[in-house]
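Note sheet for the following structure.
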There are 2 protein chains.
Amino acid sequence: MTAKRVSVAQLASSLRDAITRFNRRVRQTRPVGDLTVTQLSALTSLQLAGALSPRELADVERVQPPTMTKIVAKLEERGLVQRTPHPTDGRQVILAATAEGRAILAQHERARDEWLAPRLAALTPEERDTLRRAAEILQKVARA
Amino acid sequence: MTAKRVSVAQLASSLRDAITRFNRRVRQTRPVGDLTVTQLSALTSLQLAGALSPRELADVERVQPPTMTKIVAKLEERGLVQRTPHPTDGRQVILAATAEGRAILAQHERARDEWLAPRLAALTPEERDTLRRAAEILQKVARA
DNA sequence: CACAGTAATTAGCTTAACTAATAAGCCCGG
DNA sequence: CCGGGCTTATTAGTTAAGCTAATTACTGTG
């Protein structure tokens, strides 16, 4: 398992292709419990942080504030997120997962990523380790 | 750099999160040369294969046939793809990149993935190797 | 206290995907 | 030899996800 030398341009191309197709495949699976991947990701980040303003959540999720407004609106409709005014700053809003939102997340934890998990389980431990490290690197690149 | 043991469920979750954010970041970049990421990917697959029917191309790209119809329509509008009838099967259509389409691809090869490449160049060789192997694994998983 | 900056939302647009339905053509079995 | 069932492609219509630009509301500072 030695490092094969590959140009950065080739890597960029094959990585982007792989991720595009992988992502399409994941999105093809019916959203579990009526939550889309986007909504689930936002709700998860929110619960991890405890509470965030829309702007902060948008930054974490790497979307623009108006996009987050829509995502939050849908989560609020379903009663999974609560919007409370900021105690001192009248412009801001504080977002937090409701009890129902946390229940949905817990439910997802049990049957996490139904499509993906069995496929990962079919890989070798080395392959899974590669993916684990790749996930960290991708987070870093996306953050940059 | 030993393998850290991580549950499949945790890996599924963090991998999906990383890829979701990474993908958003890539798509935020303005389409190079008027081709979106989706269109570029389809055109590349088409040239790699030489010629394909819409159905075959949809399978390669992991989208549904109607989605491919739209992607191809846009590529045809720009004169990058040609549609010819199948010699024996009147239902089918044969898609192929035009000379102009191949020229655009060659142009992209030179300045491939303008956003991504410099960021990959900033990584260590080991990190790039991890991503290279991860790309293969992701392709395999997406194909399964 | 006016005004410059920040937070959130609204409005309007684009891309990307889906499902369901339709049209057209192939092919096999009686 | 032809009628019904499958396959291919497209059309129609919807939804989600993202963007930018503009608007509203509020803060805080000179």
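Residue numbers start from 1 in every chain, and the chains themselves are labelled A, B, ... in the order their sequence lines are given, proteins ahead of strands.
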Item checked: Distance, rounded to the nearest Å, where B:R21 contributes CZ and D:dA17 contributes C1' -> 16 Å
Check: Atom CE of A:M68 to atom P of C:dT6: distance rounded to whole Å?
Finding: 21 Å
Check: Hey, is the side chain of A:R91 pairing donor to acceptor with the base of D:dT27 inside 3.5 Å?
Finding: no
Checklist line | Whole-Å distance separating the CZ atom of B:R78 from the C1' atom of C:dT15 | finding: 12 Å
Check: So, for B:R21 and A:E61, which heavy atoms are closest and what is the spacing to 0.1 Å?
Finding: NH2-OE2, 3.1 Å
Item checked: Nearest-nucleotide comparison on DNA chain D, the residue closer to the 5′ end among A:T88 and A:Q39 -> A:Q39
Note to self: Distance check needed: C:dT19 C1' versus B:K70 NZ, whole Å only.
What the structure shows: 12 Å
Notebook entry, point to check: Looking at CG of A:L75 and CD of A:Q82, how far apart are the two atoms once the value is rounded to the nearest 0.5 Å?
Noted result: 13.0 Å
Next item on the list: Could you check B:P66 against B:D89 and say which one's nearest nucleotide on DNA chain C is further toward the 5' end?
Entry: B:P66
Item checked: OP1 or OP2 of C:dA16 under 4.0 Å from side-chain N/O of A:R24 -> no
Check: OP1, OP2 of D:dA17 versus side-chain N and O of A:T36: anything below 4.0 Å?
Finding: yes
Check: If only side-chain N and O atoms of B:T38 are considered, is one of them under 4.0 Å from the OP1 or OP2 phosphate oxygen of C:dT15?
Finding: no
Item checked: Position toward the 5' end of DNA chain C (nearest nucleotide), B:V63 or A:Q92 -> A:Q92
Check: NA contact type, B:R83, heavy-atom cut-off 4.0 Å: base, sugar-phosphate, or nothing?
Finding: sugar-phosphate
Note to self: Does D:dC19 have OP1 or OP2 under 4.0 Å away from a side-chain N or O of A:T67?
What the structure shows: yes
Notebook entry, point to check: Between C:dT10 atom P and A:K74 atom NZ, what is the distance in whole Å?
Noted result: 14 Å
Check: Using 4.0 Å as the upper bound for N to carboxylate O, is an ion pair formed by B:E100 and B:R78?
Finding: no
Check: Which value, rounded to the nearest 0.5 Å, describes the distance between A:S14 atom OG and B:L138 atom CG?
Finding: 10.0 Å
Check: Taking CG from B:L57 and C1' from D:dT10, how many angstroms apart are they, rounded to a whole number?
Finding: 15 Å
Check: Looking at A:R55, does any N or O in its side chain come under 4.0 Å of the phosphate oxygens OP1/OP2 on C:dA8?
Finding: no
Check: Are OP1 or OP2 of C:dT10 and a side-chain N or O of A:T69 less than 4.0 angstrom apart?
Finding: no
Next item on the list: From the options D:dA9, C:dA8, D:dA17, select the nucleotide whose nearest atom is closest to the side chain of B:P54.
Entry: D:dA9
Next item on the list: Give the rounded distance in Å between these two atoms: CD of A:Q64 and P of C:dA7.
Entry: 13 Å
Check: Thinking salt bridges, do B:E136 and B:K140 make one under a 4.0 Å N-O criterion?
Finding: no
Note to self: Without decimals, in angstroms, what is the distance between B:I71 CD1 and D:dT11 P?
What the structure shows: 15 Å
